[in-house]
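The figures here come from the full heavy-atom set of this structure, side chains too, leaving out hydrogens, waters and symmetry mates.
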Amino acid sequence: MKSILEEFASGDIRTEPNHIENDSQYDRTLKTLCATEQKLLDLLDDTGQSLFNEFVDAQMENSRLYGVERFIHGYKLGVLMTMEVFNINRGE
């Protein structure tokens, strides 16, 4: 049996949602985002669509990088909290 860290490192454990609940806030927001994107693309000419797609790609990369940083920070914070629990118990 693999350890949790081995499972995580091999990609068997993921931090992103595995399933989107129907009519959840996330589902509704995603549908709004997709519909709005299509309406905007319909209004733009080829040059505008190309520029918009470049913007969307950069925004997605920015969101990915931000998510990685948040995950790393949260993980480190959780480890520090765990360490504090063990340090308090040793001092008492």
Side-chain angles (χ1 to χ4, degrees):
M1 181 174 170
K2 291 182 183 178
S3 72
I4 297 247
L5 292 176
E6 288 173 325
E7 293 274 342
F8 187 70
S10 65
D12 295 331
I13 298 175
R14 295 178 185 83
T15 58
E16 70 271 0
N18 292 329
H19 175 71
I20 299 171
E21 295 288 328
N22 283 336
D23 204 36
S24 65
Q25 183 177 0
Y26 185 77
D27 180 53
R28 290 188 304 272
T29 301
L30 186 58
K31 286 177 181 174
T32 299
L33 179 65
C34 291
T36 304
E37 178 183 15
Q38 188 56 55
K39 288 176 188 176
L40 184 57
L41 286 171
D42 291 343
L43 294 173
L44 297 173
D45 61 10
D46 289 343
T47 303
Q49 286 185 11
S50 177
L51 184 60
F52 177 73
N53 286 329
E54 186 178 330
F55 170 79
V56 168
D57 290 345
Q59 183 65 36
M60 287 175 58
E61 179 64 8
N62 183 64
S63 293
R64 186 191 69 76
L65 293 170
Y66 179 71
V68 168
E69 287 300 315
R70 281 182 51 136
F71 175 80
I72 290 170
H73 178 73
Y75 187 85
K76 287 179 179 179
L77 184 59
V79 169
L80 288 172
M81 291 165 139
T82 303
M83 288 172 55
E84 183 175 313
V85 168
F86 287 108
N87 285 335
I88 288 173
N89 288 336
R90 288 184 190 168
E92 293 179 359

Side-chain donor or acceptor of Ser50 paired with backbone N/O of Asp46 under 3.5 Å: no
Interatomic spacing from CD in Gln59 to CZ in Phe52 - rounded to 0.5 Å: 10.0 Å
Pairs meeting criterion salt bridge (Lys or Arg N to Asp or Glu O under 4.0 Å) with involvement of residues 59-81, two or more places apart: Glu61-Arg64
Sub-4.5 Å side-chain heavy-atom contact between Lys39 and Leu43: no
Over all atoms of both residues, closest heavy-atom pair of Ile20 and Ser24: CG2-OG, 4.1 Å
Trace of the side chain to side chain contact (heavy atoms under 4.5 Å, CB included) decision for Val56 with Met60: CA-CA 6 Å; Val56 168; Met60 287 175 58; 3.9 Å; yes
pair Gln38-Cys34: side-chain heavy atoms closer than 4.5 Å: no
Side chain to side chain contact (heavy atoms under 4.5 Å, CB included) between Glu21 and Asp27, worked out: CA-CA 7 Å; Glu21 295 288 328; Asp27 180 53; over 6 Å; no
From CA spacing to verdict: side chain to side chain donor-acceptor pair (under 3.5 Å), Gln49, Asn53: CA-CA 6 Å; Gln49 286 185 11; Asn53 286 329; 5.5 Å; no
Full working for side chain to side chain contact (heavy atoms under 4.5 Å, CB included) between Glu84 and Leu80: CA-CA 6 Å; Glu84 183 175 313; Leu80 288 172; over 6 Å; no
Co-membership, hydrophobic cluster, residues Ile72 and Leu77, 4.5 Å side-chain: no
Glu37 CD to Thr32 OG1 distance, which is reported to the nearest 0.5 Å: 12.5 Å
Side chain to side chain contact (heavy atoms under 4.5 Å, CB included) between Leu44 and Leu40, worked out: CA-CA 7 Å; Leu44 297 173; Leu40 184 57; 4.2 Å; yes
Neighbour count >12 (heavy atoms, 6.0 Å) for atom OH, Tyr75: no
